[in-house]
Enquirer: 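Before I ask anything, let me first share the structure, which is written out below as structure tokens.
Naming: A, B, ... by sequence-line order, numbering from 1 per chain.
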Protein chains: 2
Amino acid sequence: MNKSLKRMATMQRMQITGFELFYAKGYYNTSVDDILKKLELSKGAFYYHFDSKEDFFVQIIQNLMARKLYNSLIEPLEGHDNPLTLITKCFDDAMETAVHNEMDFGCILSNFLTEFNGKNDIIIQHLNEIVTVWEVNLVTTLQKGKLNGFLDRHVDCEAVATFLMSSYFGVRTLMVGASPSAKKYRFMTQLRHYLKSIEAKTVNT
Amino acid sequence: MNKSLKRMATMQRMQITGFELFYAKGYYNTSVDDILKKLELSKGAFYYHFDSKEDFFVQIIQNLMARKLYNSLIEPLEGHDNPLTLITKCFDDAMETAVHNEMDFGCILSNFLTEFNGKNDIIIQHLNEIVTVWEVNLVTTLQKGKLNGFLDRHVDCEAVATFLMSSYFGVRTLMVGASPSAKKYRFMTQLRHYLKSIEAKTVNT
DNA sequence: CAGATTACAGACTAGGCAGTCTGTTTAAGT
DNA sequence: ACTTAAACAGACTGCCTAGTCTGTAATCTG
């Protein structure tokens, strides 16, 4: 096997396992040794490939978390359909995996934002970058929807994006508690209510 | 000074300082020594009054967090006015302190729920108790509002409560990032939109 | 095949952690 | 004033943690 390929493969293996454990147990609550034990690798291997635990996590953000966000919350919004329909389906799908997945610990972004807030500004910056990517995409999608006549002309797309992100972060936190599917259902009914209120008024045409 | 009074006073001092540090730095990221250093007390004092760090935190939940939740999110909803107006003002006030307070690290409940999820079931149980108190109160307030003709007859009060709690948890997480006051403003405009959509339709009377 | 570089292994260090234990001071009761 | 228990002080233990360092096997290169 090519050397640089092997290097990439090992680094990716480490990042995937690291991501799983960090997500499940939290960054500060997961030791480098925990990750290495699961990988059956040694300290030497880890610090050969990464400068520090922090550097390791930053790379996980950029490689794995960014991709995950894109797949679940950005890519589903592409296309020229009604953005409100797309957003509804996108949120529904994202929450559905949470309902059926025992290993779901809430919204990845939201969890880590909470964990690092006030503790590690560098990591917070990297996380905020991803949040911004989502926000920008949401706003763009909404604005396009407005141009295409799906949204009411008076809606503030940035405000809608903030509200949508807030509610999604929050419901994912609530869903880790009891009866996630009931909470999902309740949430979705109200989300539809809200989205309907910013829909283009067909009466006006 | 009476002995039991002194005991209470010391325990309360410890809990207040512990709460501040836990909220700012997280439970797992705050050591008992950190708290004792700020208090200028010793290990002996701490373990004389509390069984363990966990026991200490559970008491903080029951004494300080429960009270804080009541003051900021439950008590303001009392009365026979329009619950939608009360909720709007309640959220606005709760977020306003966050805007002006440098030491705001998001919603206390939401932060700790995230931190302990999957790590400490006992503490999660105690936190969920408080969340339930909030939920029950919200639902009751909304139902009363429906009876009094402020809400549309068809609204699902439990779903509204879930949606409100979600959005509040989430926006508090978002607000710890950049430009909290702008986010607050955007959030509030959309919250009003949403609440208007579940208002009683005066046309029907 | 020789030598150089890569990709690890694992012992080790220094510091932090929750919790224990023994001792000392303070204050209440009599 | 003497006793007794409460309210601490602080050294100590055992364990965990991030990161270092030296050694070694595997692999590529000439």
Enquirer: At their closest point, which heavy atom of B/L151 faces which heavy atom of B/P83, and how far apart are they?
Expert: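 Looking at all heavy atoms of both residues, the shortest contact is CD1-CG, 3.6 Å.
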
Enquirer: Would the B/F91 and B/Y168 ring centres measure less than 6.0 Å apart?
Expert: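 Here the rings of B/Y168 and B/F91 have centres that are less than 6.0 Å from each other.
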
Enquirer: A/Y48 has an atom OH; how far is it from atom P of D/dA26, in whole Å?
Expert: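 In whole Å, D/dA26 P lies 16 Å from A/Y48 OH.
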
Enquirer: Rounded to whole angstroms, how far apart are CG on B/L41 and C1' on D/dA7?
Expert: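 About 10 Å, once rounded to whole Å.
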
Enquirer: For nucleotides 17-22 of chain C, read 5' to 3', which letter fits each nucleotide if B means a protein heavy atom sits under 4.0 Å from the base, S means only the sugar-phosphate is that close, and - means neither?
Expert: SBBB--

Enquirer: Side chains of B/N117 and B/T114: donor-acceptor distance under 3.5 Å anywhere?
Expert: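 No pair is found: no donor N or O on one side chain lies under 3.5 Å from an acceptor on the other.
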
Enquirer: Quick check with a 6.0 Å cut-off and a 45 degree axis cone: is B/K119 positioned over the face of A/F105's six-membered ring?
Expert: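 No cation-pi geometry.
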
Enquirer: Please give, in whole Å, the distance from C/dG16 C1' to B/I35 CD1?
Expert: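 After rounding, the gap between these two atoms is 15 Å.
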
Enquirer: Could you state the atom-to-atom distance from CZ of A/F50 to P of D/dG19 in whole Å?
Expert: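 Answer to the nearest Å: 13 Å.
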
Enquirer: In whole Å, I'd like the distance from the CG atom of B/L36 to the P atom of D/dA11.
Expert: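 Going from B/L36 (CG) to D/dA11 (P), I get 14 Å.
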
Enquirer: Kindly say if A/R7 contacts the phosphate of C/dT6, meaning a side-chain N or O under 4.0 Å from OP1 or OP2.
Expert: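 A/R7 to C/dT6 OP1/OP2: no side-chain N or O under 4.0 Å.
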
Enquirer: May I have the distance from A/L39 (atom CG) to C/dC8 (atom P), rounded to whole angstrom?
Expert: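 A/L39 atom CG is separated from C/dC8 atom P by 11 Å.
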
Enquirer: Strictly by modelled atom types, are B/Y28 and B/E115 linked by a side-chain donor-acceptor pair under 3.5 Å?
Expert: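 Result is no, nothing qualifies.
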
Enquirer: In sequence, state the C-alpha distance, the side-chain angles, and the governing distance for B/T140 and B/N137, and then conclude on side-chain hydrogen bond (donor to acceptor under 3.5 Å, both in side chains).
Expert: CA-CA 5 Å; B/T140 308; B/N137 255 277; 5.9 Å; no

Enquirer: For D/dC8, does OP1 or OP2 lie under 4.0 Å from any side-chain N or O of B/H49?
Expert: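 Indeed, a polar side-chain atom of B/H49 lies that close.
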
Enquirer: Could you state the atom-to-atom distance from CE of B/M8 to P of D/dA6 in whole Å?
Expert: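 Distance, rounded to whole Å: 17 Å.
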
